[in-house]
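Following: one structure in structure tokens, then a few remarks.
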Amino acid sequence: MAHGSDKTIRAEQIEQVEVTSWPGFGQKAKRHFTRWWWLHVLVFCVCFLITTLCLIYIGMPKIAQSGVDGSTMEFTDLQFLDPAPGFLTITQNAVLHSSSIFTPTLDPFKASLYLVTNDIFEPIPVTSLAIPRAHVLHPTSNISIVGQRVAIADLGQLTDFATQVLTLENVTTALTGKTKLHEGYLPVVDVHYNSSTTYQTLNGLKGFNITEVKLNLTAPDGEPNLHGSIYFPNPSVLTVALGNVTLSLATKVSGVVGNATLLNLTITPGNNTFPMAATLDQAKALASTDANGFMDVSITGTSVIYNGQHITYYEKALASNVLSLKLNVRQILADSE
Ligand SMILES: *[C@@H]1O[C@H](CO)[C@@H](O)[C@H](O)[C@H]1NC(C)=O
Ligand SMILES: *[C@@H]1O[C@H](CO)[C@@H](O)[C@H](O)[C@H]1NC(C)=O
Ligand SMILES: *[C@@H]1O[C@H](CO)[C@@H](O)[C@H](O)[C@H]1NC(C)=O
Ligand SMILES: *[C@@H]1O[C@H](CO)[C@@H](O)[C@H](O)[C@H]1NC(C)=O
Ligand SMILES: *[C@@H]1O[C@H](CO)[C@@H](O)[C@H](O)[C@H]1NC(C)=O
Ligand SMILES: *[C@@H]1O[C@H](CO)[C@@H](O)[C@H](O)[C@H]1NC(C)=O
Ligand SMILES: *[C@@H]1O[C@H](CO)[C@@H](O)[C@H](O)[C@H]1NC(C)=O
Ligand SMILES: *[C@@H]1O[C@H](CO)[C@@H](O)[C@H](O)[C@H]1NC(C)=O
Ligand SMILES: *[C@@H]1O[C@H](CO)[C@@H](O)[C@H](O)[C@H]1NC(C)=O
């Protein structure tokens, strides 16, 4: 009983103490804030500034790098011109997609161009490109390289690249390099650029055809006796200058039945049509023609010559892409009369 009342009294006392002390504290605090509010604001601002600056200086490199990593490049025009055994001229217009809220400027830098096969980077680059200063805008900005003469870093890599471009529907390449990123008054940050792009390529020249074929029965032996047009669509944004291309025409029955020459061949986006002059061994061709007048012919690139020099990377690429065509020999003979 005694214990119980003791507790009740203590609880009451505590309650009383609390109730009476609150107004006093509230008034004190009010007075304090009225007098010192500016100090509180100042302290808050200084803390905020220090925290923000720390975040920027410590976090900026990470934010900048993740912004660069999150950007993607989309080619709108990609040209490989003026091929030589050790050099190529590259024009590349690209749209840079950036989801970052920042609009930084990247210093010019030297980028290595890597071929990426089945998501795996080849160990050595194909070549390197000088990327100009880029002001990265949100959501897109343009990057363009016009007529840059580049040295081929590795012939094997370029051959693989050319072969993939010719034979596959899509190809992936990457540009990698180190540069500096500027964003307003924020500190300059070193960033690592490593961006892969997958784009449509020539897809094995699917849709290839030889049309308007005419045989010249009076042409002397060894002279071009078959004239026509070569047609194929190019679904990509690629322009590729090949030069003078020779194709071999072969059948199962007779082996090589002739060859065709295409002068100054430059593949451009969209439909491509080129005049073709071929030398056909008529006896061998007739021996390969079936009862309905059709000849199944395999067409393979055998030589690519630009300014008198063999362009081996294109020769190997063309050699790996054998085209098959059913030629209507009866129709050709009828058209040629
Ligand atoms: C970017 O390039 C496209 C064509 O590829 C053009 O229409 C557009 O105006 C360019 N934008 C800028 C900002 O230069
Ligand atoms: C190539 O890319 C297109 C989209 O651009 C896609 O539809 C197609 O499936 C891809 N083909 C291959 C073989 O990856
Ligand atoms: C670029 O990134 C890929 C992974 O996405 C990596 O395999 C490759 O080694 C990197 N290349 C360079 C030059 O940093
Ligand atoms: C090639 O063109 C001819 C007409 O010139 C046409 O009859 C034939 O179907 C075409 N072949 C292919 C594979 O497109
Ligand atoms: C056929 O070839 C001969 C000899 O090369 C040439 O004189 C003649 O003009 C050619 N005919 C056609 C229709 O091309
Ligand atoms: C094309 O074939 C003709 C006759 O078979 C031959 O004389 C000529 O040398 C060949 N041309 C090439 C570039 O192979
Ligand atoms: C091929 O190009 C060269 C120079 O690039 C030119 O002199 C020549 O006339 C062209 N030939 C044809 C058939 O277009
Ligand atoms: C290419 O040719 C095809 C028919 O062969 C036609 O349907 C298409 O519109 C042409 N494309 C262009 C860009 O001319
Ligand atoms: C292709 O051959 C023709 C005639 O031989 C020549 O005039 C022209 O310059 C050659 N084209 C190239 C790009 O080498």
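When a ligand or atom number is given, it counts from 1 through the structure's own listing order.
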Legend entry - Between Y231 and N271: side-chain donor-acceptor atoms closer than 3.5 Å: yes

Legend entry - S98-S71 side chain donor-acceptor pair, cut-off 3.5 Å: no

Inset, instruction - For atom 9 (O) of ligand 2, find the nearest protein heavy atom and state the residue, atom name and distance (0.1 Å precision). - result: E169 OE2, 4.6 Å

Inset, instruction - Check each atom of ligand 2 against the heavy atoms of N170 and keep those under 4.0 Å away; list them by number with element. - result: 1 (C), 2 (O), 3 (C), 8 (C), 10 (C), 11 (N), 12 (C), 14 (O)

Inset, instruction - Assess whether ring-ring contact (aromatic ring centres under 6.0 Å, His included) is satisfied between H40 and H32, documenting all intermediate values. - result: CA-CA 10 Å; H40 283 268; H32 172 88; 5.3 Å; yes

Inset, instruction - May I ask you to check whether F80 and Y314 place their ring centers less than 6.0 Å from one another? - result: no

Legend entry - Side chains of S254 and S288, donor plus acceptor under 3.5 Å: yes

Inset, instruction - Please check if any side-chain donor atom of T105 sits under 3.5 Å from a side-chain acceptor atom of H135, or the reverse. - result: yes

Inset, instruction - Note the single closest protein heavy atom to atom 5 (O) of ligand 4, along with its residue, its atom name and the distance in Å. - result: T211 CG2, 3.5 Å

Inset, instruction - Give a yes or no on whether a salt bridge exists between D335 and K214, defined as a side-chain N under 4.0 angstrom from a carboxylate O. - result: no

Inset, instruction - Answer yes or no for atom 13 (C) of ligand 2: protein heavy atom present at a distance under 4.0 Å? - result: yes

Inset, instruction - Look up atom 7 (O) of ligand 2 and tell me if a protein heavy atom lies less than 4.0 Å from it? - result: no

Legend entry - Identity of the nearest option to atom 2 (O) of ligand 8, non-hydrogen atoms only, from N234, T273, N271: N271

Legend entry - Shortest protein contact, atom 4 (C) of ligand 8 (heavy atom only): Y231 OH, 4.4 Å

Inset, instruction - List the closest protein heavy-atom neighbour of atom 10 (C) of ligand 4: residue, atom name, distance to the nearest 0.1 Å. - result: N209 ND2, 2.4 Å

Legend entry - Under 3.5 Å: N/O of Q200 near N/O of ligand 2: no

